[in-house]
Protein chains: 2
Amino acid sequence: MEYSIGEFSRLTDLGIHTLRYYEHEGLITPGRNSSNRRCYSDKDLAWIEFIKRLKDTGMPIKEIQHYAKLRAAGDPTLRERMEMLTAHREALNEQIRQLQKHLTKLDDKIDFYRQEIDRTSKNN
Amino acid sequence: MEYSIGEFSRLTDLGIHTLRYYEHEGLITPGRNSSNRRCYSDKDLAWIEFIKRLKDTGMPIKEIQHYAKLRAAGDPTLRERMEMLTAHREALNEQIRQLQKHLTKLDDKIDFYRQEIDRTSKNN
DNA sequence: ATACAATGTAGAGTAAACTCTATGTCAAGA
DNA sequence: TCTTGACATAGAGTTTACTCTACATTGTAT
């Protein structure tokens, strides 16, 4: 299937402006039809979903841009791309660990608040 | 103990400019000495560490600002503050869940790359 | 044939969170 | 006394990632 930018925007939940911006930044390169309109494919759809995943896990656009360049260069860059992904996986693991640490601290704080509220309500 | 902004900057790992910015935004209100220099206390230190935790878990400055206002208003705002924190805890839980989902997808992708690299290296 | 909605480009504007610059004050050491 | 370094304020500048505006084309329904 092929999609216009409007359809693709709905499918991906990314604004039309954002899609054009991503293209401008070299993250994605949809085909064009005879009237110069963008034609997004299902491959583009899978790719943009992956881009979203990288973004949502904290990878900056610049780095995704680099990855996209390697991807466009094809098989010879497979190894380098995998190295990027394994490095990113480590970062993500660390990120999750940090958040879990923060979560337990937040739990502690909330417990403390619970006690305080209990104490101040008794104190009448 | 009391600290100058320079000392406090080292202790908190936040730039001097950032500390002044936080103060400007109402996140923290250090005392002043006779020469109008900022005097940060140990209480300020504990507070800024908590601010960092909120920030690192994705709370925007505006919301931390609101929390700081409640905190400054004292005991009558205990309950509202706790509600903010429990809401934030839920957001954090969800964030961690999402990241874990992303992590397994990333693992899959890396496995796929491993196979591809294996295949292309055999294919000579 | 005409209207109108979607699309195209180029470039400006926005929001968040800093980060830096210019300029001035002040306490302490040479 | 003079200089230096840390600190003060006000406001400008930066970075990232969009988001929007202005204006020109094009495809489709009436």
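The chains referred to below are lettered A, B, ... by the order of the sequence lines, with proteins before strands, and numbering in each begins at 1.
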**Student:** To the nearest angstrom, how far is Glu7(B) atom CD from dG5(D) atom P?
**Tutor:** 18 Å
**Student:** Got a sec, which pairs hit salt bridge (Lys or Arg N to Asp or Glu O under 4.0 Å) with one end in residues 5-22 of chain B, sequence neighbours left out?
**Tutor:**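 For residues 5-22 of chain B: none.
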**Student:** Specify the residues of residues 28-49 of chain B, ordered by number, for which at least one heavy atom lies under 4.0 angstrom from an atom of DNA chain D.
**Tutor:**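 Arg32(B), Asn36(B), Arg37(B), Arg38(B) - these, ordered by number, are the residues of the stretch whose heavy atoms sit under 4.0 Å from the strand.
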**Student:** Tell me which pairs pass salt bridge (Lys or Arg N to Asp or Glu O under 4.0 Å) where either residue lies in residues 56-67 of chain B, with sequence neighbours left out.
**Tutor:** none
**Student:** If you assign Ser4(B) and His17(B) each to the DNA chain D nucleotide with the nearest heavy atom, which residue ends up on the more 5' nucleotide?
**Tutor:**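 Residue closer to the 5' terminus by nearest nucleotide: Ser4(B).
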**Student:** 5'-most contact on DNA chain C: Gly15(B) or Gly6(A), nearest heavy atom basis?
**Tutor:**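 Mapping each residue to its closest nucleotide by heavy atoms, the 5'-most match is Gly6(A).
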**Student:** With sequence neighbours excluded, tell me which residues meet side chain to side chain contact (heavy atoms under 4.5 Å, CB included) with Thr104(B).
**Tutor:**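 Partners of Thr104(B) by the side chain to side chain contact (heavy atoms under 4.5 Å, CB included) criterion come out as none, since no residue qualifies.
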**Student:** Show me the protein contacts with nucleotides 14-17 of chain D, counting only N or O atoms at under 3.5 Å.
**Tutor:**
| residue | atom | partner | partner atom | Å |
| --- | --- | --- | --- | --- |
| dA17(D) | OP1 | Ile61(A) | N | 3.4 |
| dA17(D) | OP2 | Ile61(A) | N | 3.3 |

**Student:** Could you work out, with salt bridge (Lys or Arg N to Asp or Glu O under 4.0 Å) as the rule, every residue matching Arg89(B), not counting sequence neighbours?
**Tutor:** Asp107(A)
**Student:** Provide, to the nearest angstrom, the distance between the NE2 atom belonging to His24(B) and the P atom belonging to dT9(D).
**Tutor:**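 Distance check: His24(B) NE2 to dT9(D) P gives 10 Å.
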**Student:** Using atom types as modelled, flag every donor-acceptor pair under 3.5 Å from a side chain in residues 38-54 of chain A to any protein atom, sequence neighbours excluded.
**Tutor:**
| residue | atom | partner | partner atom | Å |
| --- | --- | --- | --- | --- |
| Arg38(A) | NE | Glu23(A) | OE1 | 2.4 |
| Ser41(A) | OG | Lys43(A) | N | 3.2 |
| Ser41(A) | OG | Asp44(A) | N | 3.1 |
| Ser41(A) | OG | Asp44(A) | OD2 | 3.3 |
| Asp42(A) | OD1 | Tyr3(A) | OH | 2.5 |
| Asp42(A) | OD2 | Met1(A) | N | 3.1 |
| Asp44(A) | OD2 | Ser41(A) | N | 2.9 |
| Trp47(A) | NE1 | Leu27(A) | O | 2.7 |
| Lys52(A) | NZ | Thr12(A) | O | 2.6 |
| Arg53(A) | NH1 | His102(B) | ND1 | 3.0 |

**Student:** In whole Å, what is the span from the CZ atom of Arg20(B) to the C1' atom of dT9(D)?
**Tutor:** 8 Å
**Student:** Mind calculating the distance between CD (Glu25(B)) and P (dT9(D)) to the nearest angstrom?
**Tutor:** 14 Å
**Student:** Output every pair passing side-chain hydrogen bond (donor to acceptor under 3.5 Å, both in side chains) with a member in residues 72-85 of chain A, not counting sequence neighbours, ordered by first then second residue.
**Tutor:**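 Qualifying pairs, neighbours excluded: Thr77(A)-Arg81(A), Arg81(A)-Tyr113(B).
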**Student:** Return the set of residues passing side chain to side chain contact (heavy atoms under 4.5 Å, CB included) with Lys69(B) (not counting sequence neighbours), or none when no residue passes.
**Tutor:** Gln65(B)
**Student:** Find the distance Leu19(A):CG to dC20(D):P and express it as a whole number of Å.
**Tutor:** 14 Å
**Student:** Do Leu106(B) and Thr57(A) have side-chain heavy atoms sitting under 4.5 Å apart?
**Tutor:**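 In short, these two side chains do not touch, never coming nearer than 4.5 Å.
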**Student:** Taking Ile5(A)'s backbone N and O only, do any of them form a donor-acceptor pair with Ser9(A)'s side chain (distance below 3.5 Å, no angle check)?
**Tutor:**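 Pair absent, no side-chain N/O of Ser9(A) close to backbone of Ile5(A).
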**Student:** At a heavy-atom distance below 4.0 Å, which nucleotide of DNA chain C is the first touched by chain A, and which is the last?
**Tutor:** dA6(C) to dT9(C)
**Student:** Kindly state each residue pair satisfying ring-ring contact (aromatic ring centres under 6.0 Å, His included) with at least one member in residues 72-99 of chain A, sequence neighbours excluded.
**Tutor:** none
**Student:** With salt bridge (Lys or Arg N to Asp or Glu O under 4.0 Å) as the rule and sequence neighbours excluded, what pairs involving residues 92-103 of chain A come up?
**Tutor:** Glu94(A)-Arg97(A)
